[in-house]
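Here the structure is laid out as structure tokens; the discussion comes afterwards.
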There are 2 protein chains.
Amino acid sequence: MKHLIHTLNKAFDHRVRLGVMAVLMANESVSFNDLKDALDLTDGNLASHVAALEKAEYVLVSKQFIGKKPNTTYSATAAGKVAFQQHLETLEKLLRG
Amino acid sequence: MKHLIHTLNKAFDHRVRLGVMAVLMANESVSFNDLKDALDLTDGNLASHVAALEKAEYVLVSKQFIGKKPNTTYSATAAGKVAFQQHLETLEKLLRG
DNA sequence: TGAAGTACTTTGTGATGCAAAGTTGAAGAA
DNA sequence: TTCTTCAACTTTGCATCACAAAGTACTTCA
């Protein structure tokens, strides 16, 4: 028999990725540095987790210039929002009885 | 600044361990085989995850005989219940804004 | 004697996590 | 013009983890 834990999305099975998605659900778009500060992560650590979410097509990366400075912003894709919602629902079911 | 994700308990940062704890919160004690079947895991997989929870002193292991058969049962320790509750509260806070 | 059940442990392989250091390119200071 | 800084990564290196599959030890039942 298949338990709920096997329907949890592996892409979100990590506290950093949970944090990233939570922030991106609450904010339409967030810059690299804001996200880094919000979650208190090192550059490399954030970059690698976001890369994983990008590869899964749950996060969209946009690069542009603000004034003269390069600026990278992240946002959740439609698929990302759906997948995350489902993940949360599964979690909730799992965590009460 | 320290984000909530850093207060999530690493011992529970995995779907299998979430599943084990969820079952042990709902049932005072569960046998190896019942847990294995409930979560649909292989012997080795369950054994290694439970070992991690036992090492953290979140799960208590009791070995006895039922009739003539060896029987191992697991239960959550007091510390385990508290830690898991805290973990869930942190999760909830994290997952709404 | 042999098959089956219980509860692991071991092995092997590959993926993951993380800090720290390195990189690239542009901007502003000295 | 040389130096430093900032942004956003990438690379490196190491340690840990996850998991399947196979092996183990003991016992019981046929």
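Quantities reported herein were computed from a predicted structural model and do not represent experimental measurements. Chain A is the first sequence line, chain B the second, and so forth, proteins listed ahead of strands; every chain is numbered from 1.
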Exercise for the section: Run the numbers on Asp34(A) and Asn27(A) for side chain to side chain contact (heavy atoms under 4.5 Å, CB included), then give the verdict. Expected result: CA-CA 11 Å; Asp34(A) 286 351; Asn27(A) 304 273; over 6 Å; no
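- At whole-Å resolution of the value, NZ in Lys10(B) and P in dC18(C) are 6 Å apart.
- As rounded to whole Å, 11 Å separates atom C1' of dC8(C) from atom NZ of Lys36(B).
- Under a 4.0 Å N-O distance rule, the pair Asp40(A)/Lys2(B) does not qualify as a salt bridge.
- An OP1 or OP2 oxygen of dG17(C) is reached within less than 4.0 angstrom by no side-chain nitrogen or oxygen of His14(B).
- Look at Lys81(A) and Glu28(A) and you find a salt bridge, because one of the NZ, NE, NH1 or NH2 atoms lies within 4.0 Å of a carboxylate O, short of that distance.
- Rounded to whole angstrom, the span from the NZ atom of Lys63(B) across to the P atom of dT27(D) amounts to 14 Å.
- Between Asp43(A) and Arg15(A), the residue whose closest nucleotide on DNA chain C is further toward the 5' end is Arg15(A).
- As a whole-Å value, the separation of Leu46(B) CG from dC19(D) P is 12 Å.
- Using a 4.0 Å heavy-atom distance criterion, Asn45(A) is classed as a sugar-phosphate-only contact.
- If you find the closest nucleotide of DNA chain C to Ala47(B) and to His49(A), the one lying nearer the 5' end belongs to Ala47(B).
- For Leu39(A) and dA19(C), the CG to P distance is 13 Å, given to the nearest whole Å.
- Under the 4.0 Å criterion applied to side-chain N and carboxylate O atoms, Arg96(A) and Glu92(A) are assigned as salt-bridge partners.
- Backbone-only engagement by Tyr74(A) is indicated by non-hydrogen atom pairs under 4.0 Å involving sugar-phosphate atoms exclusively.
- Rounded to a whole Å, the CG atom of Asn71(B) is 9 Å from the P atom of dT6(C).
- For Thr72(B), a side-chain nitrogen or oxygen approaches OP1 or OP2 of dA7(C) to under 4.0 Å.
- Here Arg17(B) reaches the OP1 or OP2 of dA18(D): one of its side-chain N or O atoms lies under 4.0 Å away.
- Rounded to an integer number of Å, the gap from CG of Asp37(B) to C1' of dT6(C) is 12 Å.
- Atom CD in Gln64(B) sits 8.5 Å away from atom OG1 in Thr72(B) (nearest 0.5 Å).
- Straight-line distance from the CG atom of Asp13(B) to the C1' atom of dT16(D): 14 Å, rounded to whole Å.
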